[in-house]
Structure formats: C-alpha cells, structure tokens
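Everything numeric here is computed off the predicted structure, so don't read it as measured data. Throughout, numbering of the chain's residues begins at 1 and tracks the sequence.
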Amino acid sequence: MLTGIILAAGKGTRMKSKYPKVVHKVAGKGMLNHVIDAIEEVNCLNINIVIGHGREIVKKSVYKNVNFVVQDKQLGTGHAVMVCDEYIPEEGNVLILYGDTPLLKGETLNKLLNYHSEEENSITVLTALFNNPFGYGRIVKDENGNLLKIVEQKDANNKEIEIKEINSGIYLVNAKLLKESLKKLNNKNSQNEYYLTDIVEILKNENEKIGTYIIEDNNEILGVNSRKQLLEVEEIFKERIFDKHMENGVTITDSSVYIGKDVKIGMDTVILTGAYIVGNSVIGDDCIIGPNCRIENSIIKDFVEVRDSTVIDSEVDNLSKIGPYAYLRPNSKIGKNVKIGDFVEVKNSLVGDGSKVSHLSYIGDGEIGKNVNIGCGVVFVNYNGRDKNRTIVKDNAFVGCNSNLVAPVTIEENAYVAAGSTITELVPNGALAIARQRQLNKLSWVNEKGLLKK
Ligand code: UD1
Ligand code: CA
C-alpha cells in the first residue's frame with residue numbers, strides 16, 4: 001500500500017505573486033498537477049496534499065481526486081507531515097513530495113520504490129550530487145557511505161557544508177515508522193522549525209535500515225522559487241515535450257511552438273511557427289497546424305489544416321480546412337471536408353460534412369447540415385437580448401451573401417436564401433426566399449439633382 005503526501009502549504013514569497021506558488025503553470029499546467037501526474041504513475045491512490053497559503057486557489061487548481069489537509073501555520077516540513085497523521089495508515093509506505101517540482105518523473109519514483117523494497121529500507125531519501133549545494137540540506141554519511149543524517153545549510157558545520165550530496169526533499173518511508181518518528185520531532189534548530197529531515201537520524205538511532213537513492217537527472221528535482229526558475233523549468237519541459245513528439249514522427253519547425261504536456265499529436269503532422277497547443281488537445285495524423293494558432297482542449301482529426309486560427313473546446317473532423325483567421329469557440333463541431341474560412345466565428349454549432357463557410361460570417365448556436373454553402377458575411381442572429389436561439393440550415397441549402405438568419409429559424413433541405421435577405425421565418429424545402437426590398441431605379445436622378453460631374 002502506498003500513501004502519497006505532497007507539501008504545498010508554502011507561499012512562495014520569491015514568486016512575487018498574489019497566487020500560491022504551486023498553481024503557477026509550466027507546460028500549460030499548474031505545477032502541483034504535474035507532481036500529481038507523477039505520483040499517479042506509480043499507482044498511488046491515496047494522495048494527500050498539504051495546503052496553507054492560498055488554500056482555496058490551490059484546491060480549485062487541482063482536477064484530480066485527492067485529499068486536502070490544511071496546515072494553518074507553516075511550522076516546517078516535519079509539521080506539514082504531522083498534520084497528515086490521521087491519513088497515514090499503519091502499513092505500507094509513504095511517498096513524500098513537494099508541490100513545486102514539476103519536472104519529477106513517475107519513472108524516477110518507480111525506481112525509488114523498487115530500490116526501497118529491494119534494499120528493505122525503512123527510509124530511502126532521494127538525493128542528488130550538486131556542484132553548488134548552497135541552500136540544500138546535506139546528506140551526511142560515514143566513511144563507508146552509510147547514511148547518518150541530514151543537516152540543513154543553516155545548521156551545518158564547516159565540514160558538512162562542503163558535502164555535495166543534497167537532499168531533494170523526496171522520501172519513501174515505512175508508514176508505521178514514519179508515524180512513530182513524527183512524534184519525536186522537535187523544533188530545536190536554527191530556524192525553530194519541525195524538520196522532516198530529522199526522521200533520518202531518529203530512524204538511524206533505532207537501528208533501522210536507512211539509505212539514499214541518487215537521482216540520475218538533477219533537473220527532475222529542480223524546485224521553482226522564482227519567475228526566473230519558472231522559465232528555466234519551462235524550457236527543460238519544452239525540450240522533453242518536443243523530443244517526445246519528434247520521436248513519434250511529428251515535425252516541429254522551430255522553438256516558437258508551444259505544446260502543453262498532455263497534448264497528443266499524430267504522425268506526419270507538421271506544427272508551424274507560433275502554434276500554441278494546450279490542454280487535452282488531440283491532433284491526428286498528417287495535419288498542418290500553424291503558423292500562429294491557438295488550440296485549447298480540442299480534437300483535430302486527420303489531414304486537417306488549421307492556419308492562423310483559434311480553436312477552443314471544439315472538434316474538427318478529417319480533411320477540413322480552418323482559417324486563416326477563423327475563430328472556433330467552445331462546443332463547435334466541424335464535420336469532414338468542411339471549409340471554415342477567413343474571419344469566420346463559430347460558436348456552439350455543428351457544421352456538417354462538405355459544407356463551406358468561406359468568409360466573414362458568424363455562426364452562433366446553429367446546426368448546418370451537409371454540403372451547405374454559407375455565403376460571405378452571413379450572420380446567425382442568435383441573441384434577442386434575452387435568450388440565445390438556434391438556427392438550423394439543412395442539407396444542400398444555399399445561404400446568399402450578407403444574409404441575416406434571425407433565430408429561431410430553419411432553412412430546409414435544398415432551399416436558397418437570396419443575398420442580402422433577413423430571414424425570420426421557415427424557408428421550405430427547395431424554395432427560394434427573398435427577404436429584402438426590391439431594387440428601384442430613379443432614372444436621371446443625378447442630373448436632376450445637379451450632381452453630375454462636369
Ligand atoms: C527542504 C529540506 C532540505 C532540502 C530542500 C529541498 C527540510 C527541513 N529541509 O528545505 O533538506 O534540501 O527542502 O528543496 O525539510 N512546506 C509546507 N509546510 C511547511 C514548510 C514547508 O508545506 O510548514 C512545503 C513548502 O511549501 C515547500 C516544501 O515544503 O514546497 C519545502 O519547504 P522549504 O521551506 O522550501 O524547505 P527548504 O528550506 O528548501
Ligand atoms: Ca525550498
């Protein structure tokens with residue numbers, strides 16, 4: 001049985017932010033959520049998150065099912081784990097992590113778990129070798145390399161301060177022994193804090209088997225304390241994400257592309273300059289995305305082109321072309337082989353297979369059937385000041401340029417709407433609706449008014 005504890009009660013003063021540190025985003029996703037992803041990869045089902053500063057904001061930022069434990073005053077890392085005591089069972093192990101280390105991989109936690117059980121340790125501390133260990137707790141070992149204790153920078157003596165092996169703050173501990181040693185912690189140190197690190201020495205004194213596991217990639221334990229570090233971590237993430245997609249056969253033209261952590265992209269898709277793709281977006285094979293796109297939480301199937309456009313919470317089926325300068329707002333579903341052209345806005349609407357909305361239109365709360373042509377400048381007048389109403393345009397209909405379809409209204413199959421019409425009533429199957437003034441020519445009007453240019 002594995003219990004997880006993620007410490008996230010701190011304020012993160014150096015971020016200079018109104019918001020708690022762990023909600024700041026990296027690779028399109030709050031830092032704490034990255035840590036939750038990692039711990040989920042090792043099948044940890046009991047996840048406890050210690051919150052304090054900005055607790056409501058932190059809670060709201062987490063979309064997974066976890067248990068929040070409030071630490072009112074931040075009296076140290078040991079105290080943060082103490083407040084979780086009632087959620088720590090008597091058996092199994094406890095994995096302790098920080099909420100501000102978004103680069104940590106599930107893979108590494110898995111290795112830590114394996115090592116811990118192979119060695120039959122009571123505690124295994126994840127450590128790293130740093131050329132500049134300043135600020136970190138130092139791993140103190142005897143001449144045979146046996147772990148003795150962890151000493152904080154501020155409490156270290158001259159010899160200890162030279163140690164290059166540091167404490168990452170990540171531990172795997174036997175649950176029962178953790179509970180017992182938490183009772184023995186005190187705050188008699190330079191910072192008057194309850195140091196979680198002291199449990200190492202406590203367990204050592206009880207002749208428990210304790211050890212360290214040295215991480216291979218130091219980047220994984222980088223904690224974010226400032227905006228500068230946030231950018232550093234972002235850049236490392238970017239490289240990881242790009243590598244993953246390129247290994248899967250995706251072309252990325254240059255580093256101006258931004259791809260969120262959870263985005264999936266199919267083979268032979270090309271991502272061009274300035275594409276920003278985040279959330280749970282899934283992009284199929286052989287697509288062209290970009291230049292200059294924003295795609296959030298959307299599903300783009302195969303052979304689709306999205307150019308200079310925005311797609312939010314929407315779906316685009318095979319072979320369709322979106323843009324340039326199209327705006328697909330939430331809950332738009334675009335069928336196969338559809339064209340949504342320049343300066344077209346679509347919101348909460350369906351557009352059926354083979355239909356075209358080529359220029360300068362607003363399609364709001366509509367249902368467009370198959371093989372429909374929506375001319376230039378058509379507006380779905382969906383709002384009467386109080387309610388939103390639906391416009392239905394059935395298969396093979398043709399809506400002439402610069403028409404207004406005042407909802408609720410239906411254009412039936414094969415019907416035509418003359419250019420410039422304002423349609424307020426049903427247009428029956430196969431009919432032509434003309435809803436505008438007939439043209440009147442006042443002959444010689446210009447001359448009679450004396451306006452003729454010499
Ligand atoms: C801690 C370790 C140190 C290690 C370093 C790695 C201790 C005593 N020291 O030091 O050995 O090298 O992490 O980064 O554990 N937190 C709470 N509640 C608290 C205190 C802290 O939730 O009462 C959270 C913070 O939000 C933060 C994390 O725990 O995410 C670490 O706390 P911090 O004060 O930064 O510990 P360090 O002094 O860096
Ligand atoms: Ca820290």
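Using a 4.0 Å cut-off between a side-chain N of Lys or Arg and a carboxylate O of Asp or Glu, Arg294 and Glu296 qualify as a salt bridge. The pair Glu180-Lys176 meets the salt-bridge criterion, since a charged nitrogen lies less than 4.0 angstrom from a carboxylate oxygen. A salt bridge links Glu119 with Lys209: the distance from a Lys NZ or Arg NE/NH1/NH2 to an Asp or Glu carboxylate oxygen falls below 4.0 Å. Of the charged side-chain nitrogens involved, at least one lies within less than 4.0 Å of a carboxylate oxygen, so that Lys184 and Glu206 count as a salt-bridged pair. The pair Asp155-Arg138 does not meet the salt-bridge criterion, since no charged nitrogen lies less than 4.0 angstrom from a carboxylate oxygen.
Of the possible polar contacts, one joining the Asn48 side chain to the Gly4 backbone as a donor-acceptor pair under 3.5 Å is found. Between the side chain of Lys64 and the backbone N or O of Asn33 there is no donor-acceptor pair closer than 3.5 Å. Of the possible donor and acceptor atoms, one in the side chain of Asp353 sits under 3.5 Å from a partner among the backbone N and O of Lys336. Distance alone, capped at 3.5 Å, is enough to place a donor-acceptor pair between the Gln153 side chain and the Gly135 backbone. Under the 3.5 Å distance criterion, the side-chain polar atoms of Ser355 are matched with a main-chain donor or acceptor of Asn371. Without hydrogens or angle criteria, Asp268 side chain to Asp285 main chain gives no donor-acceptor distance under 3.5 Å. A donor-acceptor distance shorter than 3.5 angstrom exists from the side chain of His116 to the backbone of Asn121, with no hydrogens or angles considered. Looking at Glu160, its side chain does come within 3.5 Å of a backbone N or O of Asn157 through a donor-acceptor pair. Distance alone, capped at 3.5 Å, places no donor-acceptor pair between the Lys105 side chain and the Glu220 backbone. A distance-only check finds a donor-acceptor pair linking the side chain of Ser320 to the backbone of Asn337 [under 3.5 Å].
If you check the side chains of Asn348 and Asp365, you find a donor sitting under 3.5 Å from an acceptor. Glu201 and Tyr195 are not linked by any side-chain donor-acceptor pair at a separation below 3.5 angstrom, with hydrogens and angles left out of the test. There is a side-chain donor-acceptor pair under 3.5 Å between Tyr171 and Asn167.
The heavy-atom pair separating Ile210 from Leu147 by the smallest distance is CD1-O, 3.4 Å. Closest of all the heavy-atom pairs between Lys261 and Asp37 is NZ-OD2, 2.8 Å. Considering all non-hydrogen atoms of both residues, Ile51 and Ala9 come closest at C-CB, 3.7 Å. Heavy-atom minimum distance, Asn382 versus Ala407: CA-CB, 4.1 Å.
Heavy atoms of other residues, nucleotides or ligands lying less than 6.0 angstrom from NZ of Lys370 number 12 at most. Environment of NZ in Lys60: sparse, with no more than 12 heavy atoms of neighbouring residues, nucleotides or ligands closer than 6.0 Å. Environment of CG in Asn65: sparse, with no more than 12 heavy atoms of neighbouring residues, nucleotides or ligands closer than 6.0 Å. The neighbour count for Lys141 NZ, taken as heavy atoms of other residues, nucleotides or ligands under 6.0 Å away, is above 12. Annotation for Met246: atom CE counts as buried by contact number, over 12 foreign heavy atoms lying within 6.0 Å. Surrounding NZ of Lys333 are at most 12 heavy atoms belonging to other residues, nucleotides or ligands under 6.0 Å away. Surrounding NZ of Lys264 are at most 12 heavy atoms belonging to other residues, nucleotides or ligands under 6.0 Å away. Within 6.0 Å of the OH atom in Tyr63, the count of heavy atoms belonging to other residues, nucleotides or ligands exceeds 12.
Tyr383 carries Lys388 over the face of its six-membered ring, with the cationic atom under 6.0 Å from the centre and within 45° of the normal.
Side-chain contact between Val81 and Tyr194 is absent, with no heavy atoms from C-beta onward closer than 4.5 Å. Looking only at side-chain heavy atoms (C-beta outward), Leu185 and Met82 come within less than 4.5 Å of each other. Between Ile334 and Ser314, the closest side-chain pair of non-hydrogen atoms is not below 4.5 Å.
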Would you check, one step at a time, whether the test side chain to side chain contact (heavy atoms under 4.5 Å, CB included) holds for Lys356 with Asn373? CA-CA 5 Å; Lys356 290 187 169 68; Asn373 189 80; 3.9 Å; yes
Before you tell me yes or no, could you show the steps for Lys154 and Glu152 under salt bridge (charged side-chain N to carboxylate O under 4.0 Å, His left out), namely the whole-Å CA-CA distance, both residues' side-chain angles and the distance that decides it to 0.1 Å? CA-CA 5 Å; Lys154 287 179 182 153; Glu152 291 306 291; over 6 Å; no
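For Phe343, the ring-ring contact (aromatic ring centres under 6.0 Å, His included) test picks out Tyr325, with sequence neighbours left out. Checked against salt bridge (charged side-chain N to carboxylate O under 4.0 Å, His left out), Glu315 has no partners two or more places apart in sequence or in another chain. By the salt bridge (charged side-chain N to carboxylate O under 4.0 Å, His left out) test, Lys11 is found to be paired with no residue, residues two or more places apart in sequence or in another chain being considered.
To the nearest 0.5 angstrom, Ile299 atom CD1 is 10.5 Å from Asp313 atom CG.
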